[in-house]
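The block underneath contains the structure these notes are about, expressed in structure tokens.
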Amino acid sequence: MAARSILSSARISSLLPTKDKLLGTERLLLESNRLLLQKAYGDQLASGDFDVLTTSINTSVNFLDNHNFWNDMSRDNDISYYKVGRGKKGVDPVSGEEFSFQKQGNGYRFCVPRTLVSLNEKRQFSGMMLQKAVVLLRDAMEASKHDAFLGASIFMEDDLESLEHQLQEAAKAAPGAFCIMDCDDAEKVEKLKEILLRNEKRMVRLSKPNTVGRMIKDDYDSEVGFDIPALVIRDGKVDKLI
């Protein structure tokens, strides 16, 4: 209850957007840039007095769709299965080197960028990037020993399933609060409340497939969902606490 009391009138701090059309999301694509993003979080933590620092990164499917991210071969990344531009047979136009399905070997299974990325893969990839942002901010907070709440920036989407997936993926990284952006009318707030209610923490009896694919119920209950406050942000301030 004490935490929710603080959050209801919390002072919010966010990073300024970059000049790139992705406004900062591009800093999650390469390890060198992720280290710079973590440093930016650390600098922000040292810069002032506030209650919540947000990840400030828009990884929503809708945002990435609007900026043609999924098939943009000009952006290198180290979080996909193949090296960018080398998920096929070809010849490097500069060096003349032949390549053939060159893997990054980093454990990731995403094939991004490419044409015709499925909606499910988009959701998985965007959720992974959101988790990375939360982890980077947490690492910066632990290093600075700042006592602010960690706010995972969640951006409203027309596709409510993608929005729900954002919340579920962010919750896995255990932020102190969701900072909901672009939730600017009563209808959107009600849709957000419905999603949060559907995902509230509870005990349920889950089922798992056996060796022949038949679903078998567990003989015990498992905890699912999350209990994370959601702050609806408007004009840089908390408009509602859900």
Legend entry - Distance-only donor-acceptor check, side chains D78 and Q104, under 3.5 Å: no

Legend entry - Donor-acceptor side-chain pairing of E164 and N199 below 3.5 angstrom: yes

Any side-chain heavy-atom pair from [X] and [Y] closer than 4.5 angstrom?
{"X": "D227", "Y": "E200", "value": "no"}
{"X": "Q166", "Y": "E157", "value": "yes"}
{"X": "V112", "Y": "Y81", "value": "no"}
{"X": "I154", "Y": "M181", "value": "no"}
{"X": "H165", "Y": "L130", "value": "no"}
{"X": "M156", "Y": "D184", "value": "no"}
{"X": "W70", "Y": "T115", "value": "no"}
{"X": "L192", "Y": "L167", "value": "yes"}

Nearest-0.5 Å distance that lies between atom [atom1] in [X] and atom [atom2] in [Y]:
{"X": "N210", "Y": "K208", "atom1": "CG", "atom2": "NZ", "answer": "12.5 Å"}
{"X": "D51", "Y": "L231", "atom1": "CG", "atom2": "CG", "answer": "10.0 Å"}
{"X": "R34", "Y": "L28", "atom1": "CZ", "atom2": "CG", "answer": "7.5 Å"}
{"X": "R123", "Y": "T59", "atom1": "CZ", "atom2": "OG1", "answer": "13.5 Å"}
{"X": "S126", "Y": "I57", "atom1": "OG", "atom2": "CD1", "answer": "13.5 Å"}
{"X": "R205", "Y": "S222", "atom1": "CZ", "atom2": "OG", "answer": "8.5 Å"}

Shortest non-hydrogen separation from [X] to [Y] and the atoms involved:
{"X": "K88", "Y": "F99", "value": "O-CD1, 3.4 Å"}
{"X": "P113", "Y": "M73", "value": "CG-SD, 3.6 Å"}
{"X": "G42", "Y": "A140", "value": "N-CB, 3.9 Å"}
{"X": "S13", "Y": "L53", "value": "O-CD1, 3.2 Å"}
{"X": "V232", "Y": "C183", "value": "CG1-O, 3.6 Å"}
{"X": "K217", "Y": "S207", "value": "CG-OG, 3.2 Å"}

Side-chain heavy atoms nearer than 4.5 Å, only ILVMFWY residues, links allowed to pass through others: does that put [X] and [Y] together?
{"X": "V117", "Y": "M129", "result": "yes"}
{"X": "F63", "Y": "I79", "result": "yes"}
{"X": "L15", "Y": "I12", "result": "no"}
{"X": "I6", "Y": "I180", "result": "no"}
{"X": "L150", "Y": "L37", "result": "yes"}

If only atom types and distance count, is the side chain of [X] paired as donor or acceptor with the main-chain N or O of [Y] below 3.5 Å?
{"X": "S56", "Y": "T54", "result": "yes"}
{"X": "Q44", "Y": "S14", "result": "yes"}
{"X": "E26", "Y": "G24", "result": "yes"}
{"X": "D185", "Y": "E187", "result": "yes"}
{"X": "T25", "Y": "N58", "result": "yes"}
{"X": "R75", "Y": "D72", "result": "no"}
{"X": "R138", "Y": "A174", "result": "yes"}
{"X": "N77", "Y": "S80", "result": "yes"}
{"X": "T55", "Y": "S153", "result": "yes"}

Inset, instruction - For V91 and E97, run side-chain contact (heavy atoms from CB on, under 4.5 Å): C-alpha distance rounded to whole Å, both residues' side-chain angles, the deciding distance at 0.1 Å, then the answer. - result: CA-CA 5 Å; V91 178; E97 173 193 4; over 6 Å; no

Legend entry - Parallel, tilted or perpendicular: rings of F69 and F125 (30°, 60°): tilted

[X] atom [atom1], neighbour heavy-atom count above 12 within 6.0 Å:
{"X": "E161", "atom1": "CD", "value": "no"}
{"X": "I216", "atom1": "CD1", "value": "yes"}
{"X": "R214", "atom1": "CZ", "value": "no"}
{"X": "E98", "atom1": "CD", "value": "no"}
{"X": "K237", "atom1": "NZ", "value": "no"}
{"X": "K83", "atom1": "NZ", "value": "no"}
{"X": "D235", "atom1": "CG", "value": "no"}

Inset, instruction - Run the ring-centre check on H146 versus Y41 and record whether the distance is less than 6.0 Å. - result: no

Inset, instruction - Determine, using ring centers only, whether F178 and F226 are less than 6.0 Å apart. - result: yes

Inset, instruction - Quick one: do D159 and N62 satisfy side-chain contact (heavy atoms from CB on, under 4.5 Å)? Show the steps, please. - result: CA-CA 8 Å; D159 179 358; N62 184 65; over 6 Å; no

Inset, instruction - Go through the steps to decide whether D20 and R27 satisfy the test salt bridge (Lys or Arg N to Asp or Glu O under 4.0 Å), and finish with yes or no. - result: CA-CA 10 Å; D20 189 282; R27 294 194 283 188; over 6 Å; no

Legend entry - salt bridge (Lys or Arg N to Asp or Glu O under 4.0 Å) evaluation trace for E194 with K191: CA-CA 5 Å; E194 290 173 9; K191 289 177 179 177; over 6 Å; no

Inset, instruction - Decide, yes or no, whether a salt bridge links K188 with D182 under the criterion of side-chain N to carboxylate O below 4.0 Å. - result: no

Legend entry - Verdict with supporting geometry, V204 and R202, side-chain contact (heavy atoms from CB on, under 4.5 Å): CA-CA 6 Å; V204 299; R202 62 202 184 279; 3.9 Å; yes

Inset, instruction - Step by step, work out the side-chain contact (heavy atoms from CB on, under 4.5 Å) result for L45 and M141. - result: CA-CA 7 Å; L45 287 163; M141 285 183 161; 3.8 Å; yes

